[in-house]
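This is a predicted model, so every value here is computed, not measured.
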Amino acid sequence: MARLSFCALGIGALLAASQAAGATMTVEDDTLVAAPRTVAMGIQRFDKNVPTDYKGKACRYIGKPVALAPDAPERDWIVTTADACSWAASAAPVWVLREAGGQLQVVLFHVTYDVTVGSAAQNGLRNIATARATAARREEQLWKFDGERYQATRNTVR
């Protein structure tokens, strides 16, 4: 029990520290805005399979601009789908897009509920923490940039 509490405390501290310096988003955040067309284009370059609702209609993208690089303007995006389109029970598709060379590129795709951009950085971009939970299970991941994409460096399941 002490080990579990220590782990929860450590991840909680990581998330709390990163929230103070970065931007946090949940997929149900009511402050998310319609993503610009350049976001959809970046996602389609990454994956030609556009998410659709149960009727086959393409999902709309919503999200928020963020700064993935420390001391940079908010030109990157964290995006999900609007109206619970193509969502799982406790999570939704989330794309993190980086602005580079005038285009947005997907650097992380994960099905999750909560995304936190931290203050610590690796290879020029801030670390990212993701989390999702059901009544029976909680998952938390820590992602670090490898110079091209984010890679999961820690995965905790309880």
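Judged as a ring-ring contact (aromatic ring centres under 6.0 Å, His included), the pairs with a partner in residues 43-69 (not counting sequence neighbours) are, in order, Y61-W95.
A continuous path of hydrophobic side-chain contacts links V39 to V33 [ILVMFWY only; heavy atoms under 4.5 Å]. The hydrophobic clustering, which links ILVMFWY residues whose side-chain heavy atoms are closer than 4.5 Å, places L104 and I62 apart. Under the 4.5 Å side-chain heavy-atom criterion for grouping Ile, Leu, Val, Met, Phe, Trp and Tyr, I43 is not connected to L108 through any hydrophobic cluster. Residue V79 is not grouped with residue W87 when hydrophobic side chains (ILVMFWY) are merged at heavy-atom distances under 4.5 angstrom, including chains of intermediate members. Transitive grouping of hydrophobic side chains (ILVMFWY, heavy atoms separated by less than 4.5 Å) keeps V107 and W77 in distinct clusters.
Looking at every heavy atom in both residues, A67 comes nearest to R126 through O-NE, 3.1 Å. Shown here for N123 and G147, the closest heavy-atom pair between the two residues is ND2-N, 3.7 Å.
Considering only residues two or more places apart in sequence or on other chains, T112 meets the side-chain hydrogen bond (donor to acceptor under 3.5 Å, both in side chains) condition with none of them. Partners of R37 by salt bridge (Lys or Arg N to Asp or Glu O under 4.0 Å), not counting sequence neighbours: none found. With sequence neighbours left out, the salt bridge (Lys or Arg N to Asp or Glu O under 4.0 Å) criterion links R98 to no other residue. Here D29 pairs with T26, T31, L32 under the side-chain contact (heavy atoms from CB on, under 4.5 Å) rule; sequence neighbours left out. Partners of R45 under the salt bridge (Lys or Arg N to Asp or Glu O under 4.0 Å) rule, at least two apart in sequence or in another chain, do not exist in this structure.
With rounding to the nearest 0.5 angstrom, the CG atom of D53 is 6.0 Å from the SG atom of C59. To the nearest 0.5 Å, atom CD of residue Q122 and atom NZ of residue K144 are 5.5 Å apart. The OG1 atom of T134 sits 8.5 Å away from atom CD of E139, with the distance rounded to the nearest 0.5 Å. We find the CD-CG distance between E74 and L68 to be 10.0 Å, quoted to the nearest 0.5 Å. To the nearest 0.5 Å, atoms CZ (R138) and OG (S90) are separated by 10.5 Å. How far CG of L97 is from CE of M41: 12.0 Å, rounded to the nearest 0.5 Å.
Checked by atom type, the side-chain pair T153/W143 shows no donor-acceptor distance below 3.5 Å. Judged purely by distance below 3.5 Å, without hydrogens or angles, the side chains of T156 and E140 never pair a donor atom with an acceptor atom.
At distances below 3.5 Å, at least one donor-acceptor pair connects side-chain atoms of D76 with backbone N or O atoms of E99. Not one N or O on the side chain of R158 forms a donor-acceptor pair closer than 3.5 Å with the backbone of R137.
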Report task. Would you please test D83 and T81 for side chain to side chain donor-acceptor pair (under 3.5 Å) and show each step? Result -> CA-CA 7 Å; D83 305 320; T81 55; over 6 Å; no
**Report entry** Worked check of side chain to side chain contact (heavy atoms under 4.5 Å, CB included) between K57 and T52
**Finding:** CA-CA 5 Å; K57 183 179 174 188; T52 60; 6.0 Å; no
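Counting heavy atoms from C-beta on, the side chains of C85 and R60 never come closer than 4.5 Å. A heavy-atom distance below 4.5 Å is found between the side chains of Y150 and L125. Two residues are said to be in side-chain contact when any heavy atoms from C-beta on lie closer than 4.5 Å; V117 and V96 fail this criterion. Taking 4.5 Å as the limit, some side-chain heavy atom of H110 sits within range of a side-chain heavy atom of Q141. Residues T130 and V94 form no side-chain contact, since every pair of their non-hydrogen atoms from C-beta on lies 4.5 Å or further apart. Taking 4.5 Å as the limit, some side-chain heavy atom of F109 sits within range of a side-chain heavy atom of V111.
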